[in-house]
Amino acid sequence: MGEIGLCQIQKLPRHSEDYSPQLELGSKRSSTGHGSDRPPEDPITLLRPYSCEPRRTCSTCSDEHRPHWTSCPGLMLLLATSLLLLLLGPPGARGGETPRPLQNVTLAIILPQNNTAYPWAWPRIGPAVERAVRAVNADPSLLPHHHLQYFFRGSQNGDGVCSETMAPLMAVDLKMLHDPWAFIGPGCSYTASPVGLFTAHWDVPLVTAGAPAVSFNKSIYHSVTNTGPTHKKLGRFALRVCERFRWLEQVLLLFHDQKVDDRPCYFAMEGIFEELGKANITRVDRVFNEKLLPVNYSDIIPDIQQTGRAPQPDYG
């Protein structure tokens with residue numbers, strides 16, 4: 001005898017007698033047509049729901065079978081209801097229910113407020129930040145259930161200079177007032193240094209393009225992500241140039257420095273100075289102030305001539 005359901009492909013007409021909705025678990029039934037028990041041909045037939053149809057004799061094997069499970073209206077209704085719930089999604093996504101409140105993602109921004117002599121001043125960065133915030137908040141798929149916002153503080157002092165005194169004070173104010181998820185800026189090396197120490201202590205990310213100096217190493221400033229070029233990479237580039245042209249003995253570094261404000265030339269030369277030293281190249285530095293007029297180039301040129309190359313041996 002075969003299992004119930006082996007011949008249920010043939011759908012029999014509905015009759016009114018012998019309705020008995022049940023669930024049968026692979027039970028064997030005797031039949032005059034077969035004297036032995038056959039193994040199931042399909043594992044799914046071991047668990048086959050009865051329909052609301054009466055038993056009918058199969059035209060193929062003469063066994064009594066129920067029609068296929070798809071003819072059971074009650075089971076079909078249950079499957080349709082389950083499919084509808086899946087299409088509707090989780091309870092929070094269904095119409096008519098209270099939407100989940102948005103959680104604020106706060107950014108703290110510290111940059112020079114209006115002095116565009118600095119490459120990362122707010123007049124240059126601000127429009128991009130505002131556009132990015134609008135774009136993120138307009139597309140719920142980018143930050144689901146979150147709302148992006150920012151608070152800005154300037155790092156300039158009364159003279160318009162990017163101040164290492166003002167920047168950390170503004171950082172503390174923003175931390176205490178708004179508890180930001182991340183900081184953007186400061187945009188200068190001297191201001192980024194103390195703020196980077198604070199954010200490392202607070203365990204808050206700091207993203208800036210204004211921390212290119214060699215001293216911003218991960219062992220101390222582990223919260224800082226520098227999105228701009230660094231002077232360490234500039235030094236590696238200078239070293240490759242020297243290796244390419246076999247300038248491996250002595251190099252003169254000539255640069256302007258006022259020892260005020262952010263000293264961009266000094267920090268740029270610092271990266272080159274450090275990398276050349278690792279290759280045992282002799283470094284000679286010559287500093288002048290191009291803002292102090294008139295610049296006496298007649299003194300600078302002989303220095304270049306005397307120190308730009310390694311001393312030649314005297315074979316006398």
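Side-chain atoms are counted along with the backbone in the values below, which use heavy atoms only and exclude waters and symmetry mates. Just so you know, these numbers come straight off a predicted model, no measurement behind them.
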Report the C-alpha separation of Cys162 and Asp262 in whole Å, then their side-chain angles, then the decisive distance to 0.1 Å, and conclude whether the side-chain contact (heavy atoms from CB on, under 4.5 Å) test is met.
CA-CA 8 Å; Cys162 197; Asp262 208 36; 5.9 Å; no

List the steps, then state whether side-chain contact (heavy atoms from CB on, under 4.5 Å) holds for Ser223 with Val204.
CA-CA 6 Å; Ser223 67; Val204 177; over 6 Å; no

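- Using a 30° and 60° split on the angle between ring planes, Tyr221 and Phe216 fall in the tilted class, from 30° to 60°.
- Side-chain contact between Asp257 and Cys265 is absent, with no heavy-atom pair separated by less than 4.5 Å.
- A donor-acceptor pair under 3.5 Å is absent between the side-chain atoms of Glu290 and the main chain of Val295, judged by distance alone.
- Asp173 places no side-chain N or O within donor-acceptor distance of the main-chain N or O of Met176, the cut-off being under 3.5 Å.
- Taking Ala279 as the reference, Leu239, Ile281 meet the side-chain contact (heavy atoms from CB on, under 4.5 Å) condition, with sequence neighbours excluded.
- Aromatic ring centres of Phe273 and Phe255 lie farther apart than the 6.0 Å criterion allows.
- Not counting sequence neighbours, the partners of Trp247 by the ring-ring contact (aromatic ring centres under 6.0 Å, His included) test are Phe245.
- With sequence neighbours left out, the side-chain contact (heavy atoms from CB on, under 4.5 Å) criterion links Phe198 to Pro168, Val172, Trp202.
- Remark: aromatic rings of His231 and Phe267 are distant, center separation not under 6.0 Å.
- No donor-acceptor pair under 3.5 Å is formed between the side chain of Thr191 and the backbone N or O of Pro186.
- Geometric assessment of Arg240 against the ring of Phe237 yields a negative cation-pi assignment under the 6.0 Å and 45° thresholds.
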